[in-house]
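A quick write-up on the structure given underneath.
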Amino acid sequence: QITLQIDRHYITVPQGTTILEAARKTGIDIPTLCHINLKGTCIKNNPASCRICVVEVEGRRNLAPACATRCTEGMVVRTSTLRVMNARKVVAELILSDHPNDCLTCPKCGDCELQTLALRFNIRAMPFNGGELSPRKREVTSSIVRNMDKCIFCRRCESVCNEVQTVGALGAIRRGFNTTIAPAFDKMMTDSECTYCGQCVAVCPVGALTERDHTNRLLEDLEDPDKVVIVQTAPAVRAALGEEFGLPPGTLVTGKMVYALRELGFDYVFDTDFAADLTIMEEGAEILKRLTAYLNGDKSVRLPILTSCCPAWVNFFEHHFPDLLDIPSTARSPQQMFGSIAKTYWAEKMGIPREKLVVVSIMPCLAKKYECDREEFKTNGNPDVDYSISTRELARLIKRANIGFTLLTDKDFDLPMGASTGAGVIFGTTGGVMEAALRSVCEIYTGNTLENVNFEQVRGLAGVRRATIDLNGFELKVGIAHGLGNARRLLEDIRNGRNEYHAIEIMACPGGCIGGGGQPLHHGHSDVLYARANALYREDAAKPLRKSHENPYIKTLYEEYLGKPLSETAEHLLHTRYFN
Ligand code: HC1
Ligand code: SF4
């Protein structure tokens with residue numbers, strides 16, 4: 001233990017603690033632009049490159065970066081002397097000298113950490129501006145907009161993409177004034193191995209990486225009298241949307257969200273959770289089919305089966321593990337199952353021609369935008385889900401439409417595609433898809449009713465979790481991983497024949513969808529992820545039905561249209577293929 005003084009505070013910290021960490025413990029907020037440390041999910045970046053966090057250390061001539069200087073016994077640190085404040089201001093002014101000053105039209109305006117610091121440091125002029133700006137690329141992909149003019153070289157995106165996700169799509173290239181962060185050989189993101197997980201967007205402090213915005217297109221569709229516009233909302237959105245309106249993390253806003261969507265003018269407000277229940281019917285049937293074959297001695301059966309509802313994860317295994325494409329479940333994601341059923345079964349029932357029907361999704365995810373665009377999810381060029389907007393985009397729309405969100409009362413989803421069980425709700429957190437599958441697989445396999453539907457063993461935020469479930473004497477081994485780095489380790493074990501699991505759930509984002517790249521920014525606080533996960537478990541616990549196979553509207557869908565899980569119609573509408 002080490003005792004030191006920071007400003008007026010005496011504090012004791014463990015050996016190895018940095019000044020930044022020690023200061024934060026005492027409630028002193030030393031500003032920084034590059035540092036990030038999200039405990040519990042290993043999102044970390046500490047290149048000590050921005051030099052915004054400098055402090056004075058008694059006895060040292062130079063200012064020290066607080067994020068890279070370890071505390072020593074008896075150290076005296078000053079975090080807010082005039083010298084420190086002036087140094088920080090000059091550093092910020094130098095960053096601004098190579099930055100386009102288009103804050104008013106920047107998509108990050110109001111949420112930009114550089115803008116916040118300019119305000120905090122009382123920057124009222126740009127003394128170093130007027131010189132040349134470094135030449136950098138712009139790119140618009142299906143999910144992400146890259147505007148590298150705005151990049152400040154904090155390297156957060158690079159750390160997240162390389163170390164957490166192990167995708168390696170972003171890195172520093174060229175030198176000096178011409179340095180930029182880009183895929184190797186300055187390729188476009190669309191030509192790289194980027195999965196569109198959006199985790200780089202979620203940590204970018206400025207407007208260099210932002211989501212592709214579809215809100216103007218949506219407003220035009222909502223105004224068009226010839227179109228029927230319906231919406232589906234992903235499980236994780238309800239657990240985070242309230243944060244954009246000042247509500248504490250973990251506030252469930254399901255009913256208010258439905259009300260707001262009606263106010264915006266959607267013709268029908270449905271729930272992706274309905275399709276999550278449908279996913280369990282199809283994926284559960286696949287699990288049972290493979291397990292039965294395995295138990296009957298079929299040596300050709302491919303195990304473990306991997307979940308397939310996360311599009312960034314699908315993209316990842318298509319790029320990085322082309323030899324394992326026959327392992328994942330072929331079930332489409334709930335987003336796509338919803339679109340497929342909406343534009344066939346539901347549209348036929350309602351007498352709405354496909355070309356008039358617009359299906360929009362509200363997702364915590366940026367890869368969902370890319371998923372909507374995949375060719376295999378289109379009929380004659382018409383997508384099953386027309387486009388997806390993120391939780392952040394929805395919040396902006398609600399504000400733009402002058403809807404007093406916090407004052408709204410609760411409204412219910414429309415039927416039939418708004419009805420879901422608790423199993424569908426928990427899809428939004430890591431472990432939730434597996435838990436939902438276990439609830440149905442256990443009951444269908446054993447023929448017994450579960451006394452307790454809570455599979456606590458698969459919950460939590462540990463990067464990889466495992467559990468053994470007793471199925472009438474057969475030990476079903478399941479695994480859960482979130483974050484693509486954790487997924488990679490499991491896949492490498494499978495490739496090398498060292499994997500003992502029968503079924504594995506993988507979500508690309510740390511925390512699962514609750515930590516998606518389109519969610520309100522959690523700025524490195526893992527408490528926020530816990531609060532969002534608990535909110536979903538609360539909604540699940542309060543539902544009268546908690547097992548997907550008990551959803552009465554799903555039963556009707558099979559009776560009226562699909563026949564049974566894995567039927568020819570179900571295979572055609574609800575399953576997919578993978579490509580490398
Ligand atoms: Fe997800 Fe899913 S849980 S992928 O994380 O399977 O985005 O929330 O909608 O499709 O249901 C996201 C969330 C979401 C799908 C479902
Ligand atoms: Fe890497 Fe994900 Fe960003 Fe693509 S979206 S560059 S995979 S972090």
Side-chain angles (χ1 to χ4, degrees), residues 43 139 141-144 146 156-171 181-183 189-190 192-204 208-209 211 232-241 271-280 283 307-316 319-320 329 331-339 361-372 385 388 390-391 420 423-433 436-437 482-485 505-519 532-533 536 548:
I43 295 178
E139 179 183 9
T141 74
S142 55
S143 302
I144 293 172
R146 194 161 64 102
R156 287 184 187 176
C157 58
E158 190 184 343
S159 293
V160 144
C161 190
N162 294 336
E163 284 153 38
V164 180
Q165 301 299 61
T166 66
V167 175
L170 293 174
I181 307 288
M189 254 172 150
T190 42
S192 76
E193 295 187 336
C194 171
T195 65
Y196 305 112
C197 73
Q199 285 300 305
C200 52
V201 174
V203 295
C204 179
L209 293 165
E211 71 268 21
Q232 53 164 318
T233 63
V237 176
R238 68 206 65 195
L241 178 63
D271 200 355
T272 313
D273 301 19
F274 167 85
D277 281 336
L278 184 57
T279 301
I280 290 302
E283 200 168 282
T307 58
S308 54
C309 47
C310 167
W313 153 237
V314 168
N315 200 324
F316 181 75
H319 272 116
H320 296 262
S329 156
R332 294 185 191 182
S333 73
Q335 168 177 273
Q336 293 309 137
M337 285 200 185
F338 181 96
S361 67
I362 316 288
M363 291 281 143
C365 169
L366 300 189
K368 289 285 175 195
K369 292 174 185 279
Y370 145 85
E371 189 182 40
C372 296
V385 180
S388 155
S390 66
T391 312
S420 74
V425 177
I426 56 175
F427 259 59
T429 180
T430 169
V433 180
H482 58 124
L484 291 172
E505 174 207 292
I506 293 179
M507 286 292 180
C509 292
C513 291
I514 49 168
Q519 289 281 65
R532 290 176 186 170
L536 294 183
S548 298

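In each ligand, atom 1 is the first atom listed, and ligand 1 is the first ligand listed. In this chain, numbering begins with 1 at the start of the sequence shown.
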Which atoms of ligand 2 are found less than 4.0 Å from any heavy atom of [X]?
X      : value
Cys194 : 4 (Fe), 5 (S), 6 (S), 7 (S)
Cys197 : 2 (Fe), 5 (S), 8 (S)
Cys200 : 3 (Fe), 5 (S), 6 (S), 8 (S)
Tyr196 : 4 (Fe), 5 (S)
Gly198 : 2 (Fe), 5 (S)
Leu170 : 6 (S)
Thr195 : 2 (Fe), 4 (Fe), 7 (S)

Checking the side chain of [X] only, and the main-chain atoms of [Y] only, is there a donor and an acceptor separated by less than 3.5 Å?
X      : Y      : value
Thr307 : Cys309 : no
His320 : Phe316 : no
Gln335 : Lys368 : yes
Gln519 : Ile514 : yes
Glu139 : Thr190 : yes
Thr272 : Thr233 : yes
Ser143 : Tyr370 : yes
His482 : Gly511 : yes
Ser361 : Met363 : no

Exercise. Which is it for Glu505 and Thr430 under the side chain to side chain contact (heavy atoms under 4.5 Å, CB included) test, yes or no, and what are the steps along the way?
Worked result: CA-CA 8 Å; Glu505 174 207 292; Thr430 169; 4.0 Å; yes
Exercise. Do you see an N/O/S atom of Cys157, backbone or side chain, under 2.8 Å from atom 3 (Fe) of ligand 2?
Worked result: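 False for Cys157.
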For this session: Do me a favour and list the nearest non-hydrogen protein atom to atom 1 (Fe) of ligand 2 with residue, atom name and distance?
Result: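 Ranking protein heavy atoms by distance from atom 1 (Fe) of ligand 2, first comes Cys161 SG, 2.3 Å.
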For this session: Report the part of Ile144 in contact with ligand 2, treating N, CA, C, O as backbone and CB onward as side chain, heavy atoms under 4.0 Å; options are side chain, backbone, both, neither.
Result: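 Ile144 to ligand 2: side-chain contact only, backbone stays beyond 4.0 Å.
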Exercise. Run the side chain to side chain contact (heavy atoms under 4.5 Å, CB included) check on Met189 and Ile144 step by step: do they pass?
Worked result: CA-CA 9 Å; Met189 254 172 150; Ile144 293 172; 4.3 Å; yes
For this session: Answer with yes or no whether the side chains of Glu371 and Ser333 bring together a donor and an acceptor at under 3.5 Å.
Result: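 Result is yes, a qualifying pair exists.
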Exercise. Which ligand 1 atoms does Ala276 reach within 4.0 Å, using its non-hydrogen atoms?
Worked result: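 Result: 11 (O).
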Problem set entry | ligand 2 contact by Met189, heavy-atom criterion under 4.0 angstrom |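 Contact check Met189 vs ligand 2: positive.
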Exercise. Listing residue and atom name, which protein N/O/S atoms are closer to atom 1 (Fe) of ligand 1 than 2.8 Å?
Worked result: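 The answer, once waters are left aside, is Cys513 SG.
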